[in-house]
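Let me begin by presenting the structure, written as structure tokens, before commenting on it.
When reading the values below, keep in mind they use all heavy atoms of this one structure, side chains included, and skip hydrogens, waters and symmetry mates. Throughout, protein chains are lettered first and strands after them, A, B, ... in sequence-line order, and every chain is numbered starting at 1.
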Number of protein chains: 2
Amino acid sequence: MSIKHILLGVISWYPASGYGIKKEVEYKGREQSWGSISYGSIYPQLKKLEEEHFIYCYEAQEHGRATKVYDLTKKGWDELESWLSETPQQPIVRDELRMKMSFWKAGHLGDVQHLIRHLEQRKEASHQMLEHYKGWENNDISMITDIAALSMEYTNLHLKMELEWIEKTLRRLREQDLPTTKDPNHLLEKAYKRKAQQI
Amino acid sequence: MSIKHILLGVISWYPASGYGIKKEVEYKGREQSWGSISYGSIYPQLKKLEEEHFIYCYEAQEHGRATKVYDLTKKGWDELESWLSETPQQPIVRDELRMKMSFWKAGHLGDVQHLIRHLEQRKEASHQMLEHYKGWENNDISMITDIAALSMEYTNLHLKMELEWIEKTLRRLREQDLPTTKDPNHLLEKAYKRKAQQI
DNA sequence: TTGGACATGTAACGGGTTACATGATTGA
DNA sequence: TCAATCATGTAACCCGTTACATGTCCAA
């Protein structure tokens, strides 16, 4: 992935400044769930890309304010094209909520009331993202390519799936309708005995 | 998130060595999609956690081989408990395939045949993960808590959703049944004109 | 006139990986 | 006997963020 290709990609949409790229990534990034990038990465990276002739720079007046605007060179377009053709990395997911759930054990480790709170917060966040997505879909100012629209559909399906899972999970937690713990080698049994013995 | 709590969490299942923790994370991590951890993080972190008295260490003979096995102290269990109660971070997703799709534009940027190949590879990977998941669900050796089983259900739903999306997307790409590009400000139009003009 | 968005940048730090180094045990 | 797996560790490096520094323009 790397910052480099995000920068080249965004600049492929329109000539942009460091500041503008950050704004675009934050906005577009919400639907596509790519998080944000800090200025501490953007500006040095733009400088480097310019030195390597992937992009070039010119001064522009954007509503009265001077900005450094970057555009792709031939080499930049080629690099982007070549990156697209490379096999993408396996996706990386870090979901702290589900990580915590891996260790949680009702009645032994973690308070179920806390988990319910975590899930409610996640529900709210996902709900808002879905609203944002819907608003985006129907506005008539945002640009999106044919292929990018296919990718956006993923986000939509994902959010819906997530909300259904949250609802179902909350229901099961509240009604104490939990799956049965599988512990064929009595590891957990031993573990919580160990826990109780610690001073 | 951080390595720290993964280590404490895994050790909460059973006393383990650095090597064993890596194995467990790689295996369990597949269903829960937490990727892997390198020895370069595990060993120094275990040392640090021992110095801070979250874990303690003893020598053990595991099938004839001497290993350093770590277990949680009272302080370690408390730290784990307290971490579980904290509001989890927003999940982080880096999906290079969908990132690439954001910039792709049929006939202008990126070769659709390459995209089809990327999607087929992803389909294969997701399919295998789903098989792995099913095998895991039905085996009678793996341990899982009640709450962790709820989290696993997420993985299952996610993989199924992903496979359906891939199928649908492949079909649309092959039948050239693409969504219409939205470009109200003619940005893309200009962009690809710029591209054509670069020497 | 002042706070907030616009705009660009650097230096220190952090949390991880990669690559390297080492050695024991086991099964083909 | 030799490759693979088990097992532990360190040092260099990379890629990013955080915090800091600086200045402009506009609207309330």
* To do: Counting heavy atoms from C-beta on, name the nucleotide in dA5(C), dG16(C), dG9(C) closest to the side chain of R65(A).
  =>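 When the side chain of R65(A) is considered, dA5(C) is the closest of dA5(C), dG16(C), dG9(C).
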* Show your working on salt bridge (charged side-chain N to carboxylate O under 4.0 Å, His left out) between E162(A) and R122(A) and close with a plain yes or no. => CA-CA 9 Å; E162(A) 181 160 304; R122(A) 175 77 159 258; 2.9 Å; yes
* Taking for each residue the nucleotide of DNA chain D bearing the nearest heavy atom, is the 5' side occupied by K23(B) or by S41(B)? ->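 The answer here is K23(B).
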* Asked: Quick check: are there more than 12 heavy atoms from other residues, nucleotides or ligands sitting under 6.0 Å from NE2 of H132(A)?
  ->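 Yes - once you tally the heavy atoms of other residues, nucleotides and ligands closer than 6.0 Å, there are more than 12.
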* Would K100(A) count as a cation-pi partner of W34(B), with NZ or CZ less than 6.0 Å from the six-membered ring centre and within 45° of the ring normal? ->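 Not satisfied by the 6.0 Å and 45° rule.
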* To do: Determine, for F54(A) and K4(A), whether the Lys NZ or Arg CZ falls below 6.0 Å from the six-membered ring centre while staying within 45 degrees of the axis.
  =>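 Judged by the rule, K4(A) and F54(A) form a cation-pi pair.
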Is the distance from OP1 or OP2 of [N] to the nearest side-chain N or O of [X] less than 4.0 Å?
{"X": "K68(B)", "N": "dG9(D)", "result": "yes"}
{"X": "S17(B)", "N": "dT8(D)", "result": "yes"}
{"X": "T67(A)", "N": "dC6(C)", "result": "no"}

* Select from V69(A) and S36(B) the residue whose nearest nucleotide in DNA chain C is closer to the 5' end of that strand. =>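 Upstream on the strand: V69(A).
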With a 3.5 Å cut-off and sequence neighbours excluded, list the donor-acceptor pairs that the side chains of residues 19-29 of chain A form with protein atoms.
from	atom 1	to	atom 2	distance (Å)
Y19(A)	OH	K23(A)	NZ	3.3
K22(A)	NZ	E26(A)	OE2	2.8
K22(A)	NZ	S36(A)	OG	3.4
K22(A)	NZ	I37(A)	O	3.0
E24(A)	OE1	Y14(A)	OH	2.4
E26(A)	OE2	S36(A)	OG	3.0
K28(A)	NZ	M143(A)	O	2.9

Length of the line joining [X]:[atom1] and [N]:[atom2], which is rounded to integer Å:
{"X": "L46(B)", "N": "dG9(D)", "atom1": "CG", "atom2": "C1'", "value": "11 Å"}
{"X": "Y39(A)", "N": "dA12(C)", "atom1": "OH", "atom2": "C1'", "value": "20 Å"}
{"X": "R94(B)", "N": "dG16(C)", "atom1": "CZ", "atom2": "P", "value": "15 Å"}
{"X": "K47(A)", "N": "dA11(C)", "atom1": "NZ", "atom2": "C1'", "value": "13 Å"}
{"X": "Y43(A)", "N": "dT18(D)", "atom1": "OH", "atom2": "C1'", "value": "16 Å"}
{"X": "I42(A)", "N": "dT10(C)", "atom1": "CD1", "atom2": "P", "value": "14 Å"}
{"X": "Y19(A)", "N": "dC25(D)", "atom1": "OH", "atom2": "P", "value": "15 Å"}
{"X": "Q61(B)", "N": "dT26(C)", "atom1": "CD", "atom2": "P", "value": "11 Å"}

* For the helix from dT1(C)-dA28(D) to dA28(C)-dT1(D), figure out the bend between the end axes, five pairs an end, and round to 10 degrees. =>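 Here the local axes at opposite ends form an angle of 30°.
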* Does the pair R174(B) and E120(B) meet the rule for a salt bridge (charged side-chain N to carboxylate O under 4.0 Å, His left out), with working shown? -> CA-CA 12 Å; R174(B) 286 184 179 128; E120(B) 279 166 348; 2.4 Å; yes
* Asked: Contact class for S38(A) (heavy atom, under 4.0 Å): base, sugar-phosphate, or nothing?
  ->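 Base contact.
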* Pick base, sugar-phosphate or nothing for G18(A), based on heavy-atom distances below 4.0 Å to the nucleic acid. =>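 Here G18(A) touches the backbone only, sparing every base.
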* To do: Could I get the full list of side chain to side chain donor-acceptor pair (under 3.5 Å) partners for K123(A), not counting sequence neighbours?
  =>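 Result, side chain to side chain donor-acceptor pair (under 3.5 Å) vs K123(A): E167(A).
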